[in-house]
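This report concerns only the one structure given below.
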Amino acid sequence: MIKYLKTDDSKCVGCMTCTAVCSTLYFKEDNPAKSAIQVQDKGRGEFHLVACDQECRKCVQECPTQAITVAKTGVVMINKNLCVGCLACVAVCPIGAMRFFPGHRYPFKCIACGACAKECPKDALSIAEKEETAESRAWAEVIAAVAQPKE
Amino acid sequence: MAKTYEEINEKIARGDAVVLTAEEVARMAEELSPAEIAARVDVVTTATFGAMCSSGCFINFGHPEPGLRMESITLNGVPVFGGIAAVDAYIGATEVDPNNPRYGGGHLIEALVRGETLVLEARGKGTDCYPRRYARAEINKDSVNEIIMVNPRNAYQNYPAATNSSGKTLYTYMGTLLPRFGNITYSTSGELSPLLNDPELRTIGIGTRVFLAGAQGFVSWNGTQFNTEKPANEFGLPLSNARTLMLTANLKQMDPAYLKAAYFERYGVSLFVGLGIPIPVLDEDIARRVSISNRQIETTVCDYAEKGHPGIARVTYAALRAGWVELDGRKVRTAPLSSLAKAREIAEVLKAQVRAGAFPLAAPVQPLPTHATVRGLSLAGDAS
């Protein structure tokens with residue numbers, strides 16, 4: 001199963017509580033640019049919530065140093081001991097959910113911690129689970145092959 | 001006011017030298033003129049940390065008894081080039097294990113720097129002077145005689161950015177390029193990049209001391225595909241890949257913090273190499289050169305979906321660093337493939353080493369070519 005942050009754009013009112021909670025929790029600062037969840041203003045009172053779906057895992061395959069892996073919960077994680085900060089993961093993310101703040105050493109992303117979901121006043125966010133797919137499992141082959149040389 | 005290398009080295013020895021990173025000087029140049037910078041700053045450190053496929057190292061394993069002329073050699077299953085003397089080999093960064101194309105020379109080199117043990121297997125036909133036909137041994141950097149990194153082409157002076165106009169994903173050495181201009185990747189440290197801070201190589205030539213993956217190495221020659229004739233912008237900075245360096249250093253002195261194996265999906269194995277070069281501010285002209293900022297450095301965005309990767313736009317590094325650029329009327333996300341964070345770290349480490357007198361500066365023994373172009377390859381018969 002894959003744990004992920006489920007978003008519901010139809011309930012979002014753009015209050016930015018989620019970005020404040022996220023950036024304050026991880027960067028000690030209320031700054032939407034340092035939030036793993038993004039709120040995009042589509043105009044006419046409509047908003048689009050962007051956070052890692054934990055499923056496509058293109059970043060896991062892309063990372064040239066195999067610093068991005070998948071936890072047992074299905075959540076995509078960045079290993080800072082292996083990350084060189086090249087940001088290939090930021091380039092490959094099709095929805096812009098792999099984030100980077102200029103001057104910081106590492107990229108960052110949603111790890112489905114649920115802190116924002118707890119505070120969302122409109123229940124537009126929740127922690128949910130979904131089934132693995134063939135695409136979501138593809139990363140494992142790459143990691144397994146690079147992690148250890150053949151005997 | 002001109003300074004000599006000797007004067008700068010004397011200031012370093014006295015502890016009076018002003019050493020700054022190229023980023024610091026670029027900010028300083030917003031308020032000071034080149035003449036003022038030349039008067040105040042003695043050395044500027046530059047750095048880059050990117051995937052440099054044209055890297056590798058010579059290794060001498062030592063002779064077994066009786067001897068073996070090693071002709072076919074593998075390390076951890078990865079072939080290494082044995083077409084030189086009996087127990088010498090060259091580990092190419094992009095060589096791969098035929099049974100595991102995601103593991104290769106870059107991983108071997110990183111493992112050696114880390115002090116890890118590798119399994120050597122070597123075969124030869126057996127000769128009167130080298131009668132042995134097979135050998136297997138465990139080796140590491142302390143058990144072998146020499147491991148000398150010799151990188152034929154590092155430190156590209158600028159490099160084009162990459163994008164993809166087609167409807168399918170492209171897997172390239174510039175990373176995965178998403179369809180329909182889904183992203184733009186680039187791979188230069190911009191205003192920190194060594195050869196962009198001395199674009200005509202006045203201070204960088206054969207014999208120039210460099211920081212190579214933590215070791216002190218040297219520029220041993222011009223790099224391959226060295227090109228002085230690429231179009232330049234109004235600041236004299238080439239708009240795409242131009243000059244390069246061949247670099248040499250003792251791998252046994254390297255630090256794994258500044259060298260890292262890389263695997264690019266469906267492309268292959270490579271090696272992230274950390275390089276730093278200090279530039280002595282000899283005069284106002286060099287002060288002007290090291291003052292360049294990301295707003296002045298431009299590169300060409302090339303479309304990897306089209307034959308020959310034609311350039312389709314010109315962008316500044318300031319724009320690339322902003323995270324998106326406008327291309328064909330749409331916002332396209334940008335991201336680097338080289339680590340600015342690591343480059344900054346190297347520039348700072350080098351700054352400390354220069355200040356401490358541990359990194360003496362000297363004029364090149366010989367300048368690199370002032371006129372050189374790159375040829376393509378004419379194919380025999382049907383070129384399709």
Side-chain angles (χ1 to χ4, degrees), chain A residues 32-34 38 40-42 48 50 56-69 78-109 135 138-151, chain B residues 49-51 75-78 97-104 106-108 110-111 118-119 162 169 171 174-179 182-187 257-267 269-272 274 321-324 333-345:
Chain A
K34 293 183 178 180
Q38 300 161 72
Q40 295 177 353
D41 189 346
K42 309 298 281 183
H48 177 47
V50 179
C56 88
R57 296 174 182 171
K58 284 186 167 59
C59 57
V60 183
Q61 291 192 56
E62 184 73 359
C63 177
T65 62
Q66 289 73 56
I68 307 178
T69 55
I78 300 169
N79 181 342
K80 291 180 179 174
N81 290 323
L82 294 176
C83 177
V84 296
C86 73
L87 307 185
C89 53
V90 176
V92 80
C93 179
I95 60 171
M98 185 64 81
R99 310 273 286 143
F100 181 72
F101 189 81
H104 285 196
R105 191 177 181 90
Y106 304 108
F108 61 96
K109 63 177 290 298
E135 185 188 32
W139 64 275
E141 183 194 349
V142 177
I143 296 297
V146 182
Q148 292 295 329
K150 132 182 116 63
E151 286 299 321
Chain B
F49 185 93
L75 286 170
N76 280 9
V78 179
D97 178 346
N99 297 313
N100 178 5
R102 293 177 168 114
Y103 181 83
H107 299 91
L108 298 179
E110 182 187 343
L118 304 178
V119 175
T169 299
Y171 298 90
M174 291 298 287
T176 300
L177 300 175
L178 301 175
N183 59 357
I184 293 174
T185 59
Y186 62 98
S187 185
Y258 304 115
L259 179 141
K260 183 83 182 158
Y263 169 72
F264 291 95
E265 181 64 5
R266 298 195 212 180
Y267 170 72
V269 174
S270 186
L271 185 68
F272 280 106
R321 287 273 170 78
W324 63 274
R333 197 146 35 80
T334 63
L337 296 176
S338 64
S339 173
L340 180 61
K342 281 281 184 187
R344 283 178 171 149
E345 183 182 328

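Throughout, a chain's letter reflects where its sequence line sits, starting with A, and its residues are numbered from 1.
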Listed partners of B:K260 passing side-chain hydrogen bond (donor to acceptor under 3.5 Å, both in side chains), at least two apart: B:E110

Answer with side chain, backbone, both or neither: which region of B:L178 has an atom nearer than 4.5 Å to a non-hydrogen atom of chain A? side chain

Segment of B:R266 engaging chain A (4.5 angstrom heavy-atom cut-off): neither

Does the distance from a Lys or Arg side-chain N to an Asp or Glu carboxylate O, for A:R105 and B:E345, drop under 4.0 Å? yes

Quick check on A:C63 against chain B: is it the side chain, the backbone, both or neither that has a heavy atom closer than 4.5 Å? backbone

Is there a side-chain contact between A:P64 and B:S270, using heavy atoms and a 4.5 Å cut-off? no

Below 4.5 Å from any heavy atom of chain A, which atoms of B:T176 appear? Answer side chain, backbone, both or neither. both

Over 60° means perpendicular and under 30° means parallel, so tell me whether B:F264 and B:Y267 are parallel, tilted or perpendicular. perpendicular

